[in-house]
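Structure first, commentary second.
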Amino acid sequence: MRMSKMFSQTLREAPSAADCKGYEFLLRAGFIRQMGAGIFSLLPLGYKSTAKIEGIIREEMDSLDGQEILMPLVNPADIWKETGRYYSIDKEMSRFNDRRGSDMVLAMTHEEDATSLGRTEINSYKKLPQLIYQIQTKWRDDARPRAGLIRVREFTMKDSYSFDRDQAGLDEQYKKHYASYFRIFSKAGLPVIVVGADSGMMGGKVSHEYMYLSPIGEDTIMTCEHCGYTANKQVAKFQKKYYKEEAKVIEKIATPDCKTIVDLCNLLNIETHQCAKAVFMMATFINDKSGEEEEKLVVAQIRGDLDIEENKLQNILKANSIRPAHEEEIRAAGIVPGFGSAIGCSDKAIIIVDDSVAKSNNLVAGANEEGYHLLNTNFKVDYTGKVADIASAKNGYTCSVCNHELKVSKGVEVGNIFQLGTRYSEAMNCYFTDIDGKSKPVVMGSYGIGVGRLLATLAEEYNDERGLSLPISVAPYQVHFLSLMKDKEIGEKIYTDLMAAGIEVLYDDRKESAGVKFADADLIGLPIRITLGNKSYIEGSAEVKLRSNLDETFNYSLDTLVDDVKKEVKKLQDEITNNIVHKELEI
RNA sequence: CGGAAUGUCGCCUAGUGGCUAUGGCGCUUGCUUUGGGAGCAAGAUAUCGGAGGUUCGAGUCCUCUCAUUCCGACCA
């Protein structure tokens, strides 16, 4: 490609919206342009990189016997009503009516489509297992797009869907994806860790997320360096301390103006772990069949030294959403905010008790009476409720596996794998006849990789103060060839020779000063740079530099330039191949 | 969806009620230059996001609206 003909231009100054380095350079180098909030165009350079990423993904999916298909972006709402997600997903899914007035949606993922295809194509165990995948546009009307391609509304995603006879089959396809994703990310050059995850709206059981660790990330991840335990904070387990003692008799005491745990501890001269804190939430339950909504008050009882992890609570409740309750809603159940507890309200609210409370004794809790608390409250004696882990993991907490310290980090989710089980096949009647003649629901899995997000994280990982420096596997071209000579013919010949040798070249043939050409080459950051100038030409050579190390210069003889560059390309590619991560899931 | 901020040429930016709206980058033309974002000269490009209002006078003040960004809620 000749730079004189290239559609995009580089920007000397960063547009003000660029809030992180990777985004700034993708804009300045001319990879992407914004159209609206969370809506981007890929320019030629960005599209080339994206195509390379997709190539890596295709190669891997094909190696898992995946078959590429393409499902529609616009879906009739009917299939989404079948699974209930038409009702349970809020404004994030965009809906509209077609000219006949039919309900339509823009697909934000394709479980419904895939299951719909599955039920028409798969009728016998003989057709299983299957794996289909697509690389396709998704639309999610996210309330808060940010950080360039990191969090967008319209994006390209590779999503695959597995179909199996049974759990064992699913386990196998799941494991294959688990290992394959490590290969994909390492081929692209992105360091990732895998974490145990919440399955969120997918509604499955087992799931993992692939995280690129970075301060720009929005997900919070707990890791244990000692044993390797990693989990999304939303589901992270940790080892709690329990304070077991002889149960004493409950006693009411006056605690005027003590509305917080800290006030209470100061007044009574006790530790926070000797209190039981009540957190009041409103949970929304949506009926999958009718779409009817119901709100219920939830009292979450947790020990005073811990905080509620709302995500864990929502999962225990199997609620569609939860939010903090308003004061009037709390009072309506006869509970006094500031002096509230689960005691005496089992008929008015759902009570969830963290095991920290269930396994401790003689905790101080609210008396549900203005200005009073209760000493020595004990679970099961004074109140009951469902016991679960609803506590939020924090930095420095103890790992539940090995008792070492957990560390908190930020990450960007670039991929995920879910075991869906029969959630979708049962809801959508995707059944097959097994060898025993019985009709059984297909066991499914779904697996996603955000293509644009992967480009964004790569740009974040591979940059310096001058610009991008993408690995050769995902860079838009392998070689940037700068001719600084007045004589155009020599440059043209080298360009033509490089192209003929199958090397991907961006040729800077513009009438620009050397400084401009160097600055743009730094910005776009192609892995190998060839510079042809008068000085080196007289010596019969050209200069070669690697973008990853601009301080070092090699002089390549013009006679053997093409072959030498070809070797250099091969060398860089081999480095990536040699560093492919092989990691298996142990279940 | 709550809170905040910002909209001036393709990008960055000046502007604090008063003449024909700054400057830089980029763009066009010519000459010079050609190893790190060149120099000289001449040009073009802005209904100051939109609508309404206050005022003798509005880019500037007010109201509404649209858009974008940030913080939070949310998020595969």
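Order of the sequence lines fixes the chain letters, A, B, ..., with proteins taken first and strands second; residue numbering starts at 1 for each chain. For the numbers below, each heavy atom of this structure counts, side chains included, while hydrogens, waters and symmetry mates do not. Computed from a prediction, not measured in an experiment: that's the story for all the values here.
- Atom pair A:K233:NZ and B:rC75:C1' shows a separation of 15 Å (rounding to whole Å applied).
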I'd like a list of close polar pairs between nucleotides 1-4 of chain B and the protein, N/O only, cut-off under 3.5 Å.
from, atom 1, to, atom 2, distance (Å)
B:rC1, OP1, A:K91, NZ, 3.2

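- Taking atom CZ on A:R28 and atom C1' on B:rG10, their separation rounds to 16 Å, with Å as the unit.
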Restricting to nitrogen or oxygen on both sides, can you table the protein-nucleotides 24-31 of chain B pairs closer than 3.5 Å?
from, atom 1, to, atom 2, distance (Å)
B:rG24, N2, A:E13, OE1, 3.0
B:rG26, OP1, A:R12, NH2, 3.0

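- The partner of B:rC40 is B:rG30, judged by Watson-Crick or G-U wobble contacts that both fall below 3.5 Å.
- Checking B:rU55 for Watson-Crick or G-U wobble geometry (two distances, each under 3.5 Å) identifies no partner in any strand.
- Pairing for B:rA14 is absent, with no Watson-Crick or G-U wobble pair whose two atom distances lie under 3.5 Å.
- Across the protein-nucleic acid pair, A:D508 atom CG and B:rG37 atom P stand 15 Å apart, rounded to whole Å.
- Looking at the side chain of A:L523, the nearest of the listed nucleotides B:rG35, B:rG37, B:rC71 is B:rG37.
- B:rU47 is unpaired under the Watson-Crick or G-U wobble criterion, no partner having all donor-acceptor distances under 3.5 Å.
- Partners of A:Y161 according to the ring-ring contact (aromatic ring centres under 6.0 Å, His included) rule, which considers only residues two or more places apart in sequence or in another chain, do not exist here.
- Residues satisfying the side chain to side chain contact (heavy atoms under 4.5 Å, CB included) test with A:F96, not counting sequence neighbours, are A:V74, A:M104, A:L106.
- As rounded to whole Å, 9 Å separates atom C1' of B:rC11 from atom CZ of A:R33.
- Atom CD in A:E543 sits about 11 Å away from atom P in B:rG36, given to the nearest Å.
- In terms of the side-chain hydrogen bond (donor to acceptor under 3.5 Å, both in side chains) criterion, residue partners of A:R466 (sequence neighbours excluded) are, by chain and number, A:D522.
- What separates NZ of A:K486 from P of B:rU34 is a distance of 7 Å, to the nearest Å.
- Across the strands present, B:rC19 finds no partner; the criterion is a Watson-Crick or G-U wobble pair with both atom distances under 3.5 angstrom.
- Look at the P atom in both B:rA58 and B:rG50: the space between them is 15 Å, to the nearest Å.
- Nucleic acid contact for A:G36: sugar-phosphate only, since backbone atoms but no base atoms lie under 4.0 Å from a heavy atom of the residue.
- Side chain of A:D19, nearest nucleotide from B:rU69, B:rG35, B:rC74: B:rU69.
- The CD1-P distance, from A:I150 to B:rC70, rounds to 12 Å in whole Å.
- Checked against B:rU69, B:rC70, B:rG37, the side chain of A:D520 finds its nearest nucleotide in B:rG37.
- Ion pairing between A:E60 and A:R183 holds under the 4.0 Å rule for side-chain N and carboxylate O.
- For the side-chain hydrogen bond (donor to acceptor under 3.5 Å, both in side chains) test, no residue two or more places apart in sequence or in another chain qualifies with A:R33.
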Quick one: which protein N/O atoms are closer than 3.5 Å to N/O atoms of nucleotides 5-7 of chain B? Pair and distance per line, please.
none

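- Nucleotides B:rU6 and B:rG59 place their C1' atoms 14 Å apart, quoted to the nearest Å.
- When Watson-Crick and G-U wobble pairs are counted only if both distances are under 3.5 Å, B:rC70 pairs with B:rG3.
- Taking atom C1' in both B:rG24 and B:rC62, one finds a spacing of 34 Å when rounded to whole Å.
- B:rC9 and B:rU28: their C1' atoms are spaced 15 Å apart (whole Å).
- Contact check on A:E172 versus A:K176 returns no salt bridge, with no Lys/Arg side-chain nitrogen under 4.0 Å from an Asp/Glu carboxylate oxygen.
- As rounded to the nearest Å, B:rG23 and B:rA41 have P atoms that lie 15 Å from one another.
- Residues meeting the side chain to side chain contact (heavy atoms under 4.5 Å, CB included) test with A:R146, sequence neighbours left out: A:R144, A:R151, A:E218.
- Going from the C1' atom of B:rA67 to that of B:rC75 covers 23 Å, rounded to whole Å.
- Nearest nucleotide to the A:R151 side chain, out of B:rA73, B:rU69, B:rG36: B:rA73.
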Show me the donor-acceptor pairs, under 3.5 Å and distance only, between side chains in residues 188-195 of chain A and residues at least two apart or in other chains.
none

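- Listed by chain and number, the residues in a side-chain hydrogen bond (donor to acceptor under 3.5 Å, both in side chains) with A:D497 are A:K493 (sequence neighbours excluded).
- Closest approach to the A:A37 side chain among B:rG37, B:rU69, B:rG36 is made by B:rU69 (side chain taken as heavy atoms from C-beta onward).
- Note on A:A514: only backbone sugar-phosphate atoms sit closer than 4.0 angstrom, heavy atoms only; bases stay farther off.
- Applying the 4.0 Å criterion to OP1 and OP2 of B:rC12, one finds that A:S16 has a side-chain N or O inside that range.
- In this structure, A:K21 does not pair ionically with A:E461, as no charged nitrogen and carboxylate oxygen lie closer than 4.0 Å.
- Between A:D307 and A:K394 there is a salt bridge, since at least one side-chain N of the basic residue sits less than 4.0 Å from a carboxylate O of the acidic one.
- Along RNA chain B, the nucleotide nearest to A:E413 and the one nearest to A:A17 differ in position, and the one closer to the 5' end is contacted by A:A17.
- Under the Watson-Crick or G-U wobble criterion, with both distances below 3.5 Å, B:rG35 is left unpaired in every strand shown.
- When distances run from any side-chain atom of A:L11 to the nucleotides B:rC11, B:rG36, B:rC70, the shortest one goes to B:rC11.
- A gap of 14 Å separates the C1' atoms of B:rA46 and B:rG15, to the nearest Å.
- Shown here are the side-chain hydrogen bond (donor to acceptor under 3.5 Å, both in side chains) partners of A:E465, two or more places apart in sequence or in another chain: there are none.
- At a threshold of 4.0 angstrom between heavy atoms, the contacts of A:Y537 with the nucleic acid are absent.
- When heavy atoms are screened at a 4.0 angstrom cut-off, A:G533 is found touching base atoms of the nucleic acid.
- Of the C1' atoms belonging to B:rU22 and B:rC12, the separation is 13 Å, rounded to the nearest Å.
- In summary, the side chains of A:Y447 and A:S162 do present a donor paired with an acceptor at a separation below 3.5 Å, with no hydrogens or angles considered.
- At whole-Å resolution of the value, CZ in A:R153 and P in B:rC74 are 19 Å apart.
- Looking at which nucleotide of RNA chain B each of A:T531 and A:R146 is closest to, the 5′-most match is held by A:T531.
- Tested against A:H208, the residues A:F418, A:Y174, A:Y181 include a single ring-ring contact (aromatic ring centres under 6.0 Å, His included) partner, A:Y174.
- Remark: A:A456 pairs with A:L149, A:I150 by the side chain to side chain contact (heavy atoms under 4.5 Å, CB included) rule, at least two apart or across chains.
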